[in-house]
Structure formats: C-alpha cells, structure tokens
Amino acid sequence: MNAPVNANLSATARSAPALVGGRGDLSSAVVESLRSGRPPAHAPAALLKADPWAEDLQLALHLLYELHYRGFAGVDDDREWDPDLLRMRRALETRFLHALRTDLKDAPRSAEAAFAPLLVEPVDLSGSVSRHLETDGELWQLREYAALRSLYHLKEADPHLWVVPRLTGRAKAAMVAVEYDEFGAGRAERIHARLFAALMADLGLDTSYGAHLDRAPAVLLATVNLMSLFGLHRALRGALVGHFACVEITSSPGSRRLAAAMRRCGAGPAAEHFYAEHVEADALHEQVVRHEVVDGLLAEEPELEPDVAFGCAATVMLEDRLSTHLLTAWGEGRSALRTPEGGGGTSYPG
C-alpha cells in the first residue's frame, strides 16, 4: 500500500531530546544528576515509600530508561551505565514490578487463557478509545492521542528488539521477521516510527523525539516504561514476548478504527496511512507472533509460560487504565494531558 510519507522530517526529530523538569523528589534527583554529572541525591527511604503509579516514580524511571535509547541533550552518553543511576533504576523497577505483580495476582498463568479474550472482538466497545475516536472524537482529541502515543511510536519496536539475542530457533527467526517489517523492510522511509512522525506532521504536532514528555501523565508513562522494563531484563524475556503478542493481537482492529477516525476528522493522508498500514501488517504479524514466536519460545522454554501470560495481562491492565484516563477527561470536556508548572493551555486544539 503506497501513501504519502513526509520525508522532510526536521533534524530535531533525530536528535537527543532536552531534559524536562522533575515531578517530585525522585525525578528531580534524576534530572539534577543528569545535568550535573553527580550521583542522584535522594533519600533511600523515599524509594521505599514511593507510589509506584505516581508521576514522580514513573517519570524518574522513564528518564533513566531513556539513557538506553536516545539519551538527552547535554548528558554524557556514558551515564547510561553509571552505577549510581543503575542502582536507583533498580530500586524504582522493583517498586514498579512489585505493584504489577500485586495487582495481577489473580491474572491467568497460561498463555492460552491470557490471549483468548483478545482474539474475539468485544461486543461492548464503550471503554475503547479507538471506538470513541472513530465515532465521536474531535480533531483536538486525535492530536492529544498522537502526542501521548509519540513517546512509544517514535521508537516503535525498539524495546522489543532487545529480546532477539535471548531467543533461539523458531522464536528468534519469527521475531526478526516481524521486526524487519516494523523497521521498514529495508526502506528507511517505511520505518514505522518515521510513518508516525509523518502522522504527527499532518496533525501539526512537533515531531521531535520526546517533545511531548512533559505533557504525558504517569498513566501513559507506565505503558512505555513497561516495555523498557521487560526489554532490558533477560529474566523478563517471556514477559516481553507476552507484551509483544498482546500488542500485535489487538493492533489490527484498533488501527482500523483509528484510520477511520483520522479520515472522518480530515487529519491528513499520512495520519490515516499510519493506521491503515497497521491494519494490514499487524493482521499478519499477529499470526506469526502467536504461532511462531510464542509457541516457539514455549517449546524451548516451557517454564516461561507464566511470564508470557504476565506480560500480556500487564499490557492489558495498563492500557485499560490509560483508556479510562483518556475517556474520563474527554467525557468531561477537558484535556487528558498533564499541564507542567508554568505551562500554557491544556490541550492541542485543532
């Protein structure tokens, strides 16, 4: 499927983003450490008491994870492996992972039970963001949605690539095949992250990597942090495969609705094309991931099945929380974006 692609992305779309301000003691300690080059100055007790779902912890974790992606302007690349920052990251991850496991203590432990509900389109789509945007969404809501999702889509598939060296046989071959498509099948202009930047340009949004971090609430950051948590830990390779399978299973129907939303609101050809591309690609990817990546992994390492199920359940839970946040805000006629201190308006108006 050929469609217009904005090939003239600005240089800022490829550069390291600027640091943002902290949202509490922990994230402020990370920001100051990255700016100064000194160890993070925080009270150890603050880590033990931190709310794992709150703005402070999720931003602190996100900033530390970003050192493994693009880093930040003015921050030495060597800080990626700074032992003081890694110790702090580990403590934050422990809080986050414990909260996930606690909230999912009753979740399925088999891959079949975890994936089965996702394979059938729900009759009631009242809690679906894509359904709302398709039928009732306004252009400003599409812009907010794209701005928030940009924290992942501008690095789409990158976190999942970390699992490749940890797989063997069928699972490895199939994962590489799917990732090859995600990265444009050898064509730079078809890389999915670049297609999303073109979508953002159609919507009049800043396409720079990380440009919208300061407006992203904790509930969004958690969905992105989940991928980095799973991707950076070999011990969580099963969870990352479960996450990836969940994303691919649910992507095609949601993308179909979002493509319709972009078309209905006149968002532009590149905006519509990004989701139309995912309708076609992810319908195939879903089959490959379920039958080759997941089944291949479990044939080699059957003991990882509870982890695969956990990765799927965690993804569903965090996406449901994000959906509730978005639909509640929009239903009340207000922005779903976070307003930074000293910030201006609360939305990206159409």
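Starting from 1, each residue takes its place in the sequence as its number.
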Closer than 4.0 angstrom, basic N to acidic O: yes or no for [X] and [Y]?
| X | Y | answer |
| --- | --- | --- |
| R87 | D84 | yes |
| E277 | R190 | yes |
| R38 | E32 | yes |
| E144 | R334 | no |
| R149 | E319 | yes |

Does any N or O in the side chain of [X] come within less than 3.5 Å of the main-chain N or O of [Y], such that one atom is a donor and the other an acceptor?
| X | Y | value |
| --- | --- | --- |
| R338 | D214 | yes |
| D307 | L236 | no |
| R95 | A50 | yes |
| S251 | E248 | no |
| T94 | R90 | yes |
| D206 | A211 | no |

Of all heavy-atom pairs between A193 and E156, which one has the smallest distance, and what is that distance? CB-N, 4.1 Å
Residue pair R170 / A299: nearest heavy atoms and the distance that separates them: NH1-CB, 4.5 Å
State which residues pass side chain to side chain donor-acceptor pair (under 3.5 Å) with R321; sequence neighbours excluded, sorted by chain then number. D103
Please step through side chain to side chain contact (heavy atoms under 4.5 Å, CB included) for the pair W53 and L318, ending with a clear verdict. CA-CA 10 Å; W53 303 114; L318 295 189; 3.6 Å; yes
About how many Å separate OG of S27 and CG of L63, when rounded to the nearest 0.5 Å? 7.0 Å
Applying side chain to side chain contact (heavy atoms under 4.5 Å, CB included) to F196 and S150, what does each step give before you reach the verdict? CA-CA 8 Å; F196 194 81; S150 71; 3.8 Å; yes
Can you classify the ring geometry of H192 versus H278 as parallel (below 30°), tilted (30 to 60°) or perpendicular (above 60°)? tilted
Plane angle bin for F244 and H160 - parallel if under 30°, tilted between 30 and 60°, otherwise perpendicular: tilted
Salt bridge (charged side-chain N to carboxylate O under 4.0 Å, His left out) between R257 and E121, intermediate numbers included: CA-CA 12 Å; R257 291 189 286 268; E121 185 78 1; 2.5 Å; yes
[X] atom [atom1], over 12 foreign heavy atoms within 6.0 Å:
| X | atom1 | answer |
| --- | --- | --- |
| R109 | CZ | no |
| E112 | CD | no |
| H291 | NE2 | yes |

Verdict with reasoning, R79 to D82, per salt bridge (charged side-chain N to carboxylate O under 4.0 Å, His left out): CA-CA 5 Å; R79 299 303 300 283; D82 181 288; 3.2 Å; yes
Kindly confirm or rule out a cation-pi arrangement of R101 over F310, judged by NZ or CZ under 6.0 Å from the six-membered ring centre and within 45° of its axis? yes
When you compare the side chains of H233 and R166, does any donor N or O come within less than 3.5 Å of an acceptor on the partner? no
With no hydrogens and no angle check, do the side chains of W330 and E138 hold a donor and an acceptor under 3.5 Å apart? no
Pairs under 3.5 angstrom only: tabulate donor-acceptor contacts from the side chains of residues 259-266 to other protein residues two or more places apart or in another chain.
| residue | atom | partner | partner atom | Å |
| --- | --- | --- | --- | --- |
| R263 | NH1 | E272 | OE2 | 2.6 |
| R264 | NE | E134 | O | 2.8 |
| R264 | NH2 | L133 | O | 2.9 |
| R264 | NH2 | G137 | O | 2.6 |

Between V176 and L167, is a side chain to side chain contact (heavy atoms under 4.5 Å, CB included) present by the stated rule, with each step listed? CA-CA 10 Å; V176 170; L167 301 176; over 6 Å; no
Could you go through residues 220-230 and list every donor-acceptor pair under 3.5 Å that involves a side-chain atom there, pairing it with any protein atom two or more places apart or in another chain?
| residue | atom | partner | partner atom | Å |
| --- | --- | --- | --- | --- |
| T223 | OG1 | L220 | O | 2.6 |
| N225 | OD1 | H62 | ND1 | 3.3 |
| N225 | ND2 | Q58 | O | 3.0 |
| N225 | ND2 | Q58 | OE1 | 2.7 |
| N225 | ND2 | L221 | O | 3.4 |
| S228 | OG | Y69 | OH | 2.8 |

What verdict does the salt bridge (charged side-chain N to carboxylate O under 4.0 Å, His left out) test give for K155 and E66, after you've listed the backbone C-alpha separation in whole Å, the side-chain angles of each residue and the deciding distance to 0.1 Å? CA-CA 11 Å; K155 62 182 177 203; E66 281 302 310; 2.4 Å; yes
